Amino acid sequence: MFKNIVFTFVTINSWFFANAQTASGIEEETNIYERIYNAPIRVSRNQQLTFTDLNNKKPLLLALIFTKCAGVCNPFLLQLKENLQFINSDNPFTILVLSFDPRDRLGDMNLLAQKLGLENNKKWIFAVTDSIALLNQSIGFYPRWDSVRSQYDHDALLVGINKEGYITKKLIGIRDKLDLDLLISSVNNIYSPTYRLPNKNILFSCFNYDPKTGKNRPGLGWLFIALPAVLAMSLLLSISFIVHNKLPAE
Amino acid sequence: MESIKIKKITAVWIITVLVLFIVSIVLGILMRLNQGEIIEQSPITFYSNMTTHGLTMIGIWFVAGMAAVNYLMQRYVKTSYTANVIAYVLTVIGVLIFWTTTFVGKFHAGWTFLYPLPFKVMWATWATPLFLVSLTVFGLGWLIWSISLMTQLLKKYSIAQVFAWQHFRKNPKVETPPFILITMITLIGIITCLFAAVILIALFFAEYFSNGNFLNDALLMKNLTYFFGHTIANEMLYLGLAVIYELFSEVSGRPKWRTTWYVALAWNLTLIFILTAFFHHLYMDFAQPEGFQIIGQLASYLASLPAAGVTVFSVFIAVYRTEIKWSLTNLLFFIGVAGWVIGGLGAVIDATITNNVLLHNTLWVPAHFHTYNAMGNVLFSLAFFYWFTNQFTKNIEDGKFTKLTLAILLIGGIGFLLAFYIGGADSIPRRYSNYPTDFTAAAPLATMGAIFATIYLTAILIFFFKIYKGCLKILFSPS
Amino acid sequence: MQQQMILLVFLILAGITTVVFTYVYASSKKAGQEKQGMSNPLRKRFWFLLILFVVLGIFASVTIPKSPYFLFADETPKKIVHVSAMQFAFILSEKAIDPKSPSGEPIELPANELVEFRVTSLDVNHGFAIYDQSNTLITQTQAMPGYVNRLRHKFKEPGKYNILCLEFCGMAHHGMRSSFIVK
């Protein structure tokens with residue numbers, strides 16, 4: 001009988017999990033705790049900075065994009081902006097949107113900032129760099145030029161860099177608020193002794209990490225661990241009820 | 001008529017348990033001999049024997065406790081003979097199916113069959129589903145039995161009474177005998193962990209039949225595995241304790257133990273601690289939330305308080321400077337309680353997370369659980385078996401021979417356990433069919449373990465021959 | 001060595017238990033009619049419980065903060081080692097390991113620096129236990145499919161360290177091992 005319940009459950013839930021995240025785990029694991037290349041970046045016409053200048057102040061979330069992107073870049077940034085609006089983390093960070101396309105000029109980046117309505121937001125910095133190849137290499141990010149489409153073939157990548165200039169975590173693809181929270185904690189060196197691998201489409205997982213509290217919060221699977229006790233107690237109550245009420249005494 | 005039937009089925013349980021016990025000890029000795037490089041088994045044989053040894057031992061000492069509790073419960077309420085027989089038949093069928101998977105199919109995922117190991121088939125392909133079937137058969141039989149016993153208790157006592165809550169007030173009108181209270185607490189624990197097993201097996205079957213469309217979460221499965229596995233192994237000890245509460249004072253010629261407010265409180269708390277202590281099996285899974293790890297350590301610690309402060313202390317009070325009719329029965333109970341305490345010390349040490357980092361899955365683990373099983377729970381059950389047989393047959397107790405047998409049992413048991421403890425402190429892994437050469441002490445310790453286990457087996461054989469004759473007489477006597 | 005200490009403490013406690021049980025048993029054997037039982041048992045029980053509770057409470061509050069989940073939490077590791085356990089081998093690499101074509105490399109780690117092992121499994125549950133040169137278990141974590149467990153450790157002594165599997169994983173479980181060098 002229980003098997004049937006499980007299967008019903010599987011069916012009911014399958015639609016919900018159908019559009020689950022499918023990022024490959026391996027790229028996210030590369031170059032972790034390696035120092036990011038200290039590239040010079042241009043933030044405005046007369047402001048030349050380096051990565052160290054920025055990350056010394058606050059940890060960085062680095063988004064690598066290009067302005068002429070017809071694909072993932074825009075939805076990626078929009079989603080990032082939206083998710084960050086709902087994160088009121090006490091942990092400091094700056095979002096650095098950097099172009100990996102050498103053709104992009106500072107003006108293109110400013111235009112992008114305006115389009116997103118972020119030109120006056122102090123948390124966001126839009127910049128270009130001359131040393132994109134070395135920077136990409138230190139991250140393990142390799143966009144490919146597709147001459148047919150005149151577009152870069154690339155992942156939506158968000159890189160976490162802590163104040164010491166080390167890459168602490170990477171997120172590939174458009175990810176939800178929880179993953180973003182985890183990224184923000186990681187750049188602030190908040191240690192969590194474990195994390196789940198992405199791309200595991202498993203129904204009844206026990207716990208999902210909640211970076212807000214730094215703890216895992218119970219997932220659907222947790223119910224299954226509480227269920228035996230609940231069942232046993234209900235059985236106790238119902239048997240007691242039945243024998244004392246339904247059956248004639250003695 | 002009813003009392004004759006329950007007498008006979010109890011005798012059948014006893015003989016079955018003892019026969020299976022002896023076979024399982026032999027398997028254990030063979031494992032230690034193989035580790036000691038005295039004999040040579042293939043790893044597959046070793047690991048399938050290990051699987052057989054583990055699950056059979058858990059199963060038989062659980063049913064031994066249940067049979068004893070069922071027999072003694074007749075003093076208070078009428079129990080269902082049918083449920084008892086169903087449990088027996090299903091247990092025997094379960095054992096036969098299970099042994100087929102291990103001895104014929106060479107199934108060797110260990111008795112904990114940690115997900116997803118049973119699906120990485122290194123044995124006959126039919127053995128995995130059949131193993132799950134055998135677990136289902138056990139679970140069904142044991143659930144029917146425990147629910148039936150619980151129902152009978154609830155017919156006589158209300159929920160408040162069966163948990164002895166009225167004892168929290170002064171001068172309770174109704175007294176709940178300690179035996180009833182402990183049995184009820186234990187039955188709830190058993191039913192809970194059997195439900196965990198049901199969910200676990202259902203999830204296994206769901207994945208098995210889904211052709212890869214449904215995958216389980218390894219962490220959830222591990223939690224469920226130990227919810228079931230740890231709890232059932234723990235509860236069988238508490239069944240033994242229920243028997244002690246009922247029989248110890250009786251065979252000692254002393255007034256019966258009574259439920260007081262602290263006894264009631266201790267056992268009610270025990271239920272909570274037992275059901276949350278299993279988290280200590282997942283200390284080394286950092287994926288488990290830290291809160292649960294801490295609950296695991298605290299619950300494991302707290303579980304020792306009612307056990308030591310109430311049960312052990314009550315035994316002391318009953319014995320200290322008190323003239324007692326000592327017989328093999330209460331002597332076995334007494335030594336068993338000591339074994340249980342010492343095993344508990346090993347357990348509390350291992351349940352400390354900082355120690356667990358160094359002891360988890362080393363020989364320390366089998367060391368402590370063999371202590372409170374082989375030198376605790378087994379003695380509780382043997383005491384009951386002995387008392388039970390003595391009730392109906394004139395089993396002459398020859399003082400000197402009994403003492404000699406007990407001495408053999410103790411020497412064998414202590415030597416066998418020491419080999420485990422020393423091995424654990426020497427970082428030797430458990431569940432290794434052959435030890436890497438860098439563990440120089442491992443093989444000699446294993447041989448030592450095997451030798452002392454053989455001495456222990458000798459004592460068990462002597463007990464067996466004393467008990468089984470009586471049981472056969474009970475079985476074939478007309479009245 | 002901590003394990004030897006643990007064994008010693010255990011043996012002492014077990015010895016005390018044996019002595020107490022023997023003493024109680026002997027007192028019963030000697031007891032005549034006039035010396036009846038324990039005086040003030042309820043009070044003694046209360047004190048016994050209270051002492052036990054306090055001892056365990058102290059023990060818990062001292063040990064829990066030292067649990068591995070909280071160790072080196074504020075530091076950034078100098079080196080990261082990816083570990084993928086599989087039946088019946090460990091793959092260690094300083095680069096991330098691709099589960100589709102897992103491959104590793106020999107590992108050398110700095111002494112007295114924080115190292116982080118990111119341990120996962122490609123198939124069943126395994127154990128990841130590190131043994132030092134004297135073959136003593138120094139730390140461990142589990143390798144669970146679908147999860148990455150981060151084990152942080154500082155190696156004090158240079159030398160060769162062995163890795164053994166401490167979770168039963170099938171017929172060649174006892175042969176599953178690897179090693180690395182600390183310089």
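Any value given below was found using the heavy atoms of this structure, including those in side chains, with hydrogens, waters and symmetry copies removed. Just so it is clear, the model here is predicted, and its values are computed rather than measured. Numbers restart at 1 for each chain; the letters A, B, ... are given by sequence-line order, proteins then strands.
Looking at Ile349(B), the atoms closer than 4.5 Å to chain C (heavy atoms on both sides) all sit in the side chain, from C-beta outward. Contacts between Phe439(B) and chain C at a heavy-atom distance below 4.5 Å involve backbone atoms as well as side-chain atoms. If you measure heavy-atom distances from Tyr262(B) to chain C, the contacts under 4.5 Å come from the side chain alone. Both the backbone and the side chain of Thr139(C) have a heavy atom closer than 4.5 Å to some heavy atom of chain B. Both the backbone and the side chain of Thr354(B) have a heavy atom closer than 4.5 Å to some heavy atom of chain C. Within the 4.5 angstrom heavy-atom criterion, atoms from both the backbone and the side chain of Ala338(B) approach chain C. Tyr131(C) touches chain B through its side chain: at least one heavy atom from C-beta onward sits under 4.5 Å away, while N, CA, C and O do not. With a threshold of 4.5 angstrom between heavy atoms, Val315(B) does not approach chain C through any atom at all. Residue Lys106(B) does not touch chain C at all, counting heavy-atom pairs closer than 4.5 Å. Both the backbone and the side chain of Ser314(B) come within less than 4.5 Å of a heavy atom of chain C. In this structure, the portions of Val310(B) lying under 4.5 Å from any heavy atom of chain C include both its backbone and its side chain. Heavy-atom distances place the side chain of Trp364(B), and not its backbone, under 4.5 Å from chain C. Heavy atoms closer than 4.5 Å to chain C are found nowhere in Ile335(B), neither backbone nor side chain.
No more than 12 heavy atoms of other residues, nucleotides or ligands sit less than 6.0 Å from atom NZ of Lys95(C).
Per-residue heavy-atom pair counts under 4.5 Å with chain B were compared for Thr18(C), Ile16(C), Leu42(C), and the maximum is reached by Leu42(C). Contacts with chain B were tallied for Lys66(C), Gln4(C), Lys30(C), Gln87(C); Gln87(C) has the most, counting heavy-atom pairs under 4.5 Å. The residue among Ala143(C), Ala26(C), Cys165(C), Gly57(C) with the most heavy atom pairs within less than 4.5 Å of chain B is Cys165(C). No other option in Val337(B), Val348(B), Ile428(B), Leu418(B) has as many heavy-atom pairs under 4.5 Å with chain C as Val337(B). Ranked by heavy-atom pairs under 4.5 Å with chain C, the list Phe119(B), Tyr115(B), Tyr283(B) is led by Tyr283(B). When Thr112(B), Asn434(B), Asp285(B) are compared by the number of non-hydrogen pairs under 4.5 Å with chain C, Asp285(B) comes out ahead. Most heavy-atom pairs under 4.5 Å with chain B, from the set Val24(C), Leu49(C), Asn125(C): that is Val24(C). Contact count versus chain C (heavy atoms, under 4.5 Å) is highest, among Thr362(B), Leu282(B), Asn355(B), Thr260(B), for Asn355(B). Interface summary for chain B: among Leu137(C), Val9(C), Asn162(C), the most heavy-atom pairs under 4.5 angstrom belong to Leu137(C). Among Tyr25(C), Phe48(C), Phe70(C), Phe46(C), the residue with the largest count of heavy-atom pairs under 4.5 Å with chain B is Tyr25(C). For the options Ile324(B), Leu305(B), Ile317(B), Ile44(B), heavy-atom pairs under 4.5 Å to chain C are most numerous at Leu305(B).
Side-chain contact of Ser300(B) with His280(B): a donor-acceptor pair under 3.5 Å is present, judged by distance alone. With hydrogens and angles left out, the side-chain atoms of His174(C) and Ser433(B) include a donor and acceptor closer than 3.5 Å. At a cut-off of 3.5 Å, with distance as the only test, no side-chain donor of Asn149(C) or Gln142(C) sits close to an acceptor on the other residue.
Within the 4.5 Å cutoff, the side chain of Pro145(C) has heavy atoms near those of the Pro116(B) side chain. Inter-residue side-chain proximity for Val83(C) and Arg118(C) is flagged as unmet; no heavy-atom pair is nearer than 4.5 Å. Side-chain contact between Leu359(B) and Val365(B): absent, with no pair of heavy atoms (C-beta onward) separated by less than 4.5 Å. At least one side-chain heavy atom of Phe90(C) sits less than 4.5 Å from a side-chain heavy atom of Met176(C). Trp340(B) has its side chain within reach of Val312(B): a pair of non-hydrogen atoms, C-beta onward, lies under 4.5 Å apart.
A distance-only check finds a donor-acceptor pair linking the side chain of Ser28(C) to the backbone of Thr322(B) [under 3.5 Å]. For Glu116(C) (side chain) and Val81(C) (main-chain N/O), no donor-acceptor pair under 3.5 Å exists by modelled atom type.
Residues passing the salt bridge (Lys or Arg N to Asp or Glu O under 4.0 Å) test with Lys79(C) are Glu94(C), sequence neighbours excluded.
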Any chance you could lay out the ring pair (Phe, Tyr, Trp, His ring centres under 6.0 Å) test for His173(C) and Tyr432(B), step after step, and finish with the verdict? CA-CA 7 Å; His173(C) 164 58; Tyr432(B) 269 32; 4.9 Å; yes
Go through the steps for Glu323(B) and Arg254(B) under the test salt bridge (charged side-chain N to carboxylate O under 4.0 Å, His left out), then give the verdict. CA-CA 9 Å; Glu323(B) 204 179 14; Arg254(B) 303 286 307 157; over 6 Å; no
